[in-house]
Visitor: 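Attaching a single structure in structure tokens format; questions to follow.
Remember, it's 1-based here, ligands and their atoms both numbered in the order they're listed.
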Amino acid sequence: MDNTYDVIVVGLGAMGSATLYQLARRGLHVLGIDQFAPPHALGSSHGKSRIIREAYFEDPRYVPLVQRAYECWHALEQESGAAIFRQTGGLMLGAPASRMVRGARLSAAQHGVPHQVLSAEEVRQRVPAIRPQRDDIGIFEPRAGMLAPEIAIQAALDMARRHGATVHLNEPLLSWRAVGDGVEITTRTGTARAARLILSVGAWATTVLKELELPFVVQRNVQFWFAPLRNPAQFTPEQLPVFIHELPNGLTWYGFPDTGDGVKLALHHHGESVDPDEIRRSVSDDEVSFMRDIVERYMPDANGRLRDSSVCMYTNLPDEHFIIDRHPLHASVIVASPCSGHGFKFASAIGEVLADMAMDTPVAFDTSLFSLSRFSH
Ligand SMILES: Cc1cc2nc3c(=O)[nH]c(=O)nc-3n(C[C@H](O)[C@H](O)[C@H](O)COP(=O)(O)OP(=O)(O)OC[C@H]3O[C@@H](n4cnc5c(N)ncnc54)[C@H](O)[C@@H]3O)c2cc1C
């Protein structure tokens with residue numbers, strides 16, 4: 001490997017694959033490398049489904065970005081023929097004063113997102129699979145739904161290749177250094193140079209970006225698939241929207257309808273801190289029991305046989321926002337850690353943002369929320 005490119009993208013998961021695709025379709029000479037062979041099940045982008053929603057409880061500033069992401073996912077579907085998005089509607093559920101309900105209402109109001117506010121009784125009638133708390137309120141947004149992460153990553157890489165991108169899989173980045181106005185990377189097979197380098201390495205930002213001393217915490221998260229115990233018709237994508245439910249004890253759980261593999265359920269921001277290279281991939285009986293207790297209380301008819309489980313990683317920052325910025329010492333290097341447990345839905349639009357940054361084109365979104373400077377001492 002001894003070549004010169006316009007841009008090198010290291011890490012071809014959700015963010016890197018979308019970025020490589022955007023750069024290649026603009027006609028740039030690009031190289032993408034990954035230590036594994038995406039789509040794989042060792043990072044943060046596996047498990048068959050991810051929620052996409054607009055009434056963004058985390059912060060209204062995400063709404064324009066997710067609205068662009070919808071358009072970009074659709075464009076990728078059109079070009080590749082892959083089925084990435086499925087509209088199911090989305091239900092954000094919690095006490096009236098919860099972050100979930102207040103935040104979703106704020107984003108919906110500020111950006112005119114179509115939605116309905118449902119009482120607990122109305123939730124029970126509309127979504128009989130869910131047993132909300134007596135005082136819960138539901139924010140239902142009809143345009144929400146689920147994305148298929150593995151299919152999306154494969155489609156982006158396929159289209160990137162079709163537009164001329166070079167892709168090297170199973171090729172870890174060993175090191176990089178600034179050379180003049182550009183960058184040189186080293187892998188086991190040699191070196192490559194480019195005018196710009198994008199580091200979208202997911203949970204491995206903890207090692208690849210170590211010198212930036214960022215307060216990343218990689219968290220182990222388990223996804224569970226349960227066979228419905230009763231009333232399977234209540235769990236179809238036509239009957240059960242994707243949902244996120246903030247509980248009175250502070251836990252948040254979420255889920256997806258059964259598209260053939262069972263009802264997928266998980267806890268948000270719940271799990272031990274881990275090293276991505278040493279993470280425990282097996283799921284214990286205690287973890288299954290913990291999840292079952294919540295299912296039994298709030299969705300009892302889903303509490304059937306455990307069909308599958310899978311361990312994944314959140315790369316969290318203390319404010320639960322992302323990092324998308326230039327390296328403070330090397331402007332030709334762009335760092336992207338759009339995770340904190342909620343990044344996938346944006347990946348198609350973040351690919352555009354990162355491509356714009358690499359090409360020194362003005363970015364169409366306010367990315368100040370994602371700046372590195374918020375962590376400078
Ligand atoms: C269980 C779970 C549920 C989630 N649910 C949602 C959801 O419903 N909606 C939502 O929007 N988001 C969700 N998220 C978050 C979302 O999935 C992540 O934000 C997103 O997938 C992160 O993508 P990434 O590209 O940063 O990381 P990844 O997709 O993990 O990609 C990083 C890539 O970098 C490669 N890499 C690392 N180091 C090197 C190196 N040295 N050399 C070469 N390659 C390297 C890795 O092999 C990997 O392929 C969820 C996450 C998890 C874990």
Side-chain angles (χ1 to χ4, degrees), residues 8-20 31-53 56 58 62 65-66 69 73 90 144-150 152-153 156-157 168-176 185-188 198-210 216 218-224 242-244 252 254-256 264-271 274 276-277 279 309-317 320-324 335-351 354:
I8 297 173
V9 180
V10 176
L12 300 176
M15 308 303 153
S17 62
T19 308
L20 196 72
L31 168 67
I33 71 166
D34 198 286
Q35 62 183 348
F36 303 129
H40 58 73
L42 300 169
S44 304
S45 302
H46 57 282
K48 301 172 191 160
S49 51
R50 291 291 185 269
I51 293 174
I52 181 166
R53 57 193 156 87
Y56 218 66
E58 289 87 343
Y62 285 91
L65 191 63
V66 78
W73 289 123
M146 52 207 278
L147 297 161
E150 292 90 345
I153 291 170
L157 291 178
H168 290 184
L169 303 182
N170 301 307
E171 179 138 353
L173 172 78
L174 297 180
S175 64
W176 63 270
I185 66 159
T186 302
T187 72
R188 275 196 301 257
I198 296 175
L199 297 171
S200 47
V201 290
W204 289 268
T206 44
T207 47
V208 176
L209 302 175
K210 200 170 187 158
F216 287 124
V218 177
Q219 186 181 42
R220 180 179 170 282
N221 292 85
V222 185
Q223 314 171 80
F224 301 90
V242 295
F243 69 91
I244 312 180
T252 297
Y254 63 93
F256 300 80
K264 180 177 151 183
L265 303 169
L267 288 156
H268 190 42
H269 285 296
H270 182 84
V274 290
D277 291 318
I279 184 171
S309 60
S310 175
V311 170
C312 194
M313 291 182 282
Y314 284 5
T315 307
N316 292 323
L317 287 160
E320 296 181 12
H321 296 309
F322 306 153
I323 283 174
I324 301 175
V335 298
S337 177
C339 188
S340 282
H342 63 113
F344 191 88
K345 62 183 78 58
F346 303 99
S348 61
I350 286 174
L354 293 172

Visitor: Checking side chain to side chain donor-acceptor pair (under 3.5 Å) for the pair K345/Y62: CA distance, chi angles, key distance, verdict?
Guide: CA-CA 11 Å; K345 62 183 78 58; Y62 285 91; over 6 Å; no
Visitor: Would you name the heavy atoms of A336 and P338 that are closest together and state the gap between them?
Guide: C-CD, 3.3 Å
Visitor: Have a look at W204, Y314, W176 and point out the one with the heavy atom closest to atom 52 (C) of ligand 1.
Guide: Y314
Visitor: Specify side chain, backbone, both or neither for F346, according to which of its non-hydrogen atoms lie closer than 4.0 Å to ligand 1.
Guide: neither
Visitor: Measure from atom 30 (O) of ligand 1 to every heavy atom in S44, G13, A266 and give the option owning the shortest one.
Guide: S44
Visitor: Side-chain contact test, heavy atoms from C-beta onward, threshold under 4.5 Å: evaluate it for V242 versus Y254 and give yes or no.
Guide: no
Visitor: Hey, does N316 have a side-chain heavy atom less than 4.5 Å from the side chain of H269?
Guide: yes
Visitor: Which residue owns the protein heavy atom closest to atom 27 (O) of ligand 1, what's the atom, and how far is it?
Guide: G202 CA, 3.6 Å
Visitor: Hey, which atoms in ligand 1 end up nearer than 4.0 Å to a heavy atom of P172?
Guide: 42 (N), 43 (C)
Visitor: Show me which atoms of ligand 1 lie under 4.0 Å from any heavy atom of L173.
Guide: 40 (C), 41 (N), 42 (N), 43 (C)
Visitor: Please state which option from H46, R50, M146 has its nearest heavy atom closest to atom 5 (N) of ligand 1.
Guide: R50
Visitor: Which residue owns the protein heavy atom closest to atom 34 (O) of ligand 1, what's the atom, and how far is it?
Guide: G11 CA, 3.2 Å
Visitor: With a 4.0 Å heavy-atom cut-off (strictly under), which part of L42 contacts ligand 1: side chain, backbone, both or neither?
Guide: neither
Visitor: Just wondering, do K48 and Q223 contact through their side chains at under 4.5 Å, heavy atoms?
Guide: no
Visitor: N/O of P338 under 3.5 Å from N/O of ligand 1, yes or no?
Guide: yes
Visitor: Against heavy atoms of C339, which atoms of ligand 1 measure under 4.0 Å?
Guide: 18 (C), 19 (O)
Visitor: List the atom of F256, the atom of F243, and the distance in Å for their closest heavy-atom pair.
Guide: N-CE2, 4.4 Å
Visitor: Among protein heavy atoms, which sits nearest to atom 47 (O) of ligand 1, and what does the distance come to when rounded to 0.1 Å?
Guide: D34 OD1, 2.7 Å
Visitor: Please compare F344, F256, F322, Y254 and report which has the shortest non-hydrogen distance to atom 3 (C) of ligand 1.
Guide: Y254
Visitor: Return the residue, atom name and 0.1 Å-rounded distance of the protein heavy atom closest to atom 9 (N) of ligand 1.
Guide: I51 O, 3.0 Å
Visitor: To the nearest 0.5 angstrom, please state how far the CG atom of L173 sits from the CD1 atom of I185.
Guide: 6.0 Å
Visitor: Using the side chain to side chain donor-acceptor pair (under 3.5 Å) criterion, which residues pair with H268? Sequence neighbours excluded.
Guide: Y314
Visitor: If you round to the nearest 0.5 Å, how far is CG of L65 from CD1 of I350?
Guide: 5.5 Å
Visitor: Counting from 1, what ligand 1 atoms have a heavy atom of A14 closer than 4.0 Å?
Guide: 21 (O), 23 (O), 25 (O), 29 (O)
Visitor: Drop me the distance from L209's CG to F216's CZ, to the nearest 0.5 angstrom.
Guide: 5.5 Å
Visitor: What atoms of ligand 1 come within less than 4.0 Å of a heavy atom belonging to G343?
Guide: 11 (O), 12 (N), 15 (C), 16 (C), 19 (O)
Visitor: Out of K345, Q35, H342, who gets a non-hydrogen atom closest to atom 39 (C) of ligand 1?
Guide: Q35
Visitor: Which heavy atom of A156 sits nearest a heavy atom of A18, and at what distance?
Guide: CB-N, 4.1 Å
Visitor: Find all atoms of ligand 1 within a distance of less than 4.0 Å from any non-hydrogen atom belonging to C312, and give their numbers and elements.
Guide: 1 (C), 2 (C), 52 (C), 53 (C)
Visitor: Taking all atoms of both residues into account, what is the closest heavy-atom pair of S200 and M15, and its distance?
Guide: CB-CB, 4.1 Å
Visitor: At less than 4.0 angstrom from any non-hydrogen atom of M15, what atoms of ligand 1 do you find?
Guide: 23 (O), 24 (P), 25 (O), 26 (O)
Visitor: Short list, please: which atoms of ligand 1 are under 4.0 Å from a heavy atom of G43?
Guide: 30 (O)
Visitor: Indicate the atoms forming the closest heavy-atom contact of G255 with I51, along with that distance.
Guide: O-CD1, 4.4 Å
Visitor: Locate the shortest heavy-atom distance separating H270 from N221; write the atom from each residue and the value.
Guide: O-ND2, 3.5 Å
Visitor: Mark the output for H40 as yes if a heavy-atom distance to ligand 1 is under 4.0 Å, and as no if none is.
Guide: yes
Visitor: Counting heavy atoms only, which of P39, G32, S45, S17 is nearest atom 21 (O) of ligand 1?
Guide: S45
Visitor: Quick check on S200 - does any of its heavy atoms sit under 4.0 Å from an atom of ligand 1?
Guide: yes
